[in-house]
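Below: one structure, written as structure tokens.
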2 protein chains.
Amino acid sequence: MEIREILEAFRQYIKDKGLRYTKQREAILKAFLRADGHVTVEELYMQLRKKHPGIGFSTVYRTIKLIEDAGLATRLSFDERAERFEKTVGTDHHDHMVCIRCRRVIEFESPRIERLQTEVADKYRFQILSHRLEIFGLCNICRPHKSLV
Amino acid sequence: MEIREILEAFRQYIKDKGLRYTKQREAILKAFLRADGHVTVEELYMQLRKKHPGIGFSTVYRTIKLIEDAGLATRLSFDERAERFEKTVGTDHHDHMVCIRCRRVIEFESPRIERLQTEVADKYRFQILSHRLEIFGLCNICRPHKSLV
DNA sequence: TATCAAATGAAATTTAATATCACTACCTGC
DNA sequence: GCAGGTAGTGATATTAAATTTCATTTGATA
Ligand SMILES: [Mn+2]
Ligand SMILES: [Mn+2]
Ligand SMILES: [Zn+2]
Ligand SMILES: [Zn+2]
């Protein structure tokens, strides 16, 4: 999906909600789409300052929430203080393994786990809207290796 | 496992760490074991005040962390502001479905999902220490039902 | 272009969690 | 049992993410 199309979809979403399409919202969405990986609002704000020093902190907070509502971002936690966001467009659904030592994040996806989740939800007549699977532990670099002796 | 044994295990854990077993720590652990479900530190503190008005807020925070370290509690988030804790003793490992409308929490466990998680982790040579699977959506009461027409 | 409600940005506020620090009490050795 | 050192406690202050407030600005519509 082209950046152009995403911006248009966002504009449409905003219009449909009876809201206003502002320069700030566009700039923030662009910056968010440019940033890769899992960003905090703070990090996004810092990036934005370079090109758009006028944009306020509150607006970034407000807009990332709007982007999330529009379905263009996913909220993540990773057991840190600040929440992180990740773009959904151009990114297949996946879950995360977080190394508690080096903080490295490994992305994985398991259709079989996804399927079992819907099975469980069905059993409880629960309608899944989102889910979050986070595995914490030690990555292959940080885990203790077998002694050579 | 008897309360008595849990307290003893906690005492042992504390001793092994070279720490001190205090009245407060025992009182907080007892209150935590008595509380069922998923409690916040605030909620736990409020319960404690009834019998132990002297115990400070900071101590409850510090001790719940100690209880967690001792492996007697699990930390949960549920996308709320405050973290929640759940006892591990006398509770089989399980994951959670959270209704975003009524905030009801449904516990479930799926050995098959657990197994698939270890499979994925093995593939990445990742050593699992803990994990968290949270499904958000609408419970059977809150989800929209089929129209009668 | 005028209108006006929505949006913005700076600052204040909220709130969970942590840090500080004088005082207390647990533990060890005697 | 008693004393000494020292980890733990509790009141308070602080931190930091996130939200709210509000005067001012700006986008959409006519
Ligand atoms: Mn990711
Ligand atoms: Mn539970
Ligand atoms: Zn690592
Ligand atoms: Zn519900």
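Below, chains carry the letters A, B, ... as their sequence lines are ordered, and counting in each starts from 1.
Side chain to side chain, Arg75(B) and Ser130(B) fail the donor-acceptor criterion of an N or O pair below 3.5 Å. Inspection of the Glu80(A) and His38(A) side chains reveals no N or O donor paired with an N or O acceptor under 3.5 Å. No donor-acceptor contact under 3.5 angstrom links the side chains of Glu134(B) and His96(B), judged on distance only.
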Set out, line by line, the N/O atom pairs under 3.5 Å between protein and nucleotides 19-22 of chain D.
{"from": "dT19(D)", "atom 1": "OP1", "to": "Lys65(A)", "atom 2": "NZ", "distance (Å)": "3.2"}
{"from": "dT19(D)", "atom 1": "OP2", "to": "Lys65(A)", "atom 2": "NZ", "distance (Å)": "3.3"}

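Atom P of nucleotide dT14(C) and atom CD of Glu42(B) are separated by 15 Å, given to the nearest angstrom. Following rounding to the nearest Å, Glu26(A) (CD) and dA7(C) (C1') show an atom-to-atom distance of 16 Å. Rounded to whole angstrom, the span from the CZ atom of Arg25(B) across to the C1' atom of dA25(C) amounts to 12 Å. dA17(D) atom P lies 15 Å from atom CD of Glu83(B), rounded to whole Å. Whole-Å rounding puts the Ile28(A) CD1 to dG9(C) C1' distance at 11 Å. A straight line from CZ of Arg84(A) to P of dA16(D) spans 16 Å, rounded to a whole angstrom. Rounded to whole Å, atom P of dT8(C) lies 14 Å from atom CD1 of Ile64(A). Taking atom CG on Asp79(A) and atom C1' on dA16(C), their separation rounds to 14 Å, with Å as the unit.
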Quiz item: In the 5'-to-3' direction, what one-character label does each nucleotide of nucleotides 23-30 of chain D receive under the scheme B = base within less than 4.0 Å of a protein heavy atom, S = sugar-phosphate only, - = no such atom?
Solution: ---BBS--
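With a 4.5 Å cut-off on side-chain heavy atoms, Arg132(A) and Phe136(B) count as touching. Using a 4.5 Å heavy-atom cutoff, the side chains of Lys123(A) and Val120(A) are not in contact.
Residue contacts shown for Gly54(A) are limited to sugar-phosphate atoms, with no base heavy atom under 4.0 Å away.
Taking the six-membered ring where the residue is Trp, Tyr124(A) and Phe108(B) present tilted rings, their angle falling between 30° and 60°.
To the nearest 0.5 Å, atoms CZ (Arg103(B)) and CZ (Phe78(B)) are separated by 9.0 Å.
Between Arg115(A) and Glu119(A) there is no salt bridge, since none of the side-chain N atoms of the basic residue sits less than 4.0 Å from a carboxylate O of the acidic one.
With Phe126(A) as reference, Ile135(B) is the one residue of Asn140(B), Val98(B), Ile135(B), Leu138(B) to meet the side chain to side chain contact (heavy atoms under 4.5 Å, CB included) rule.
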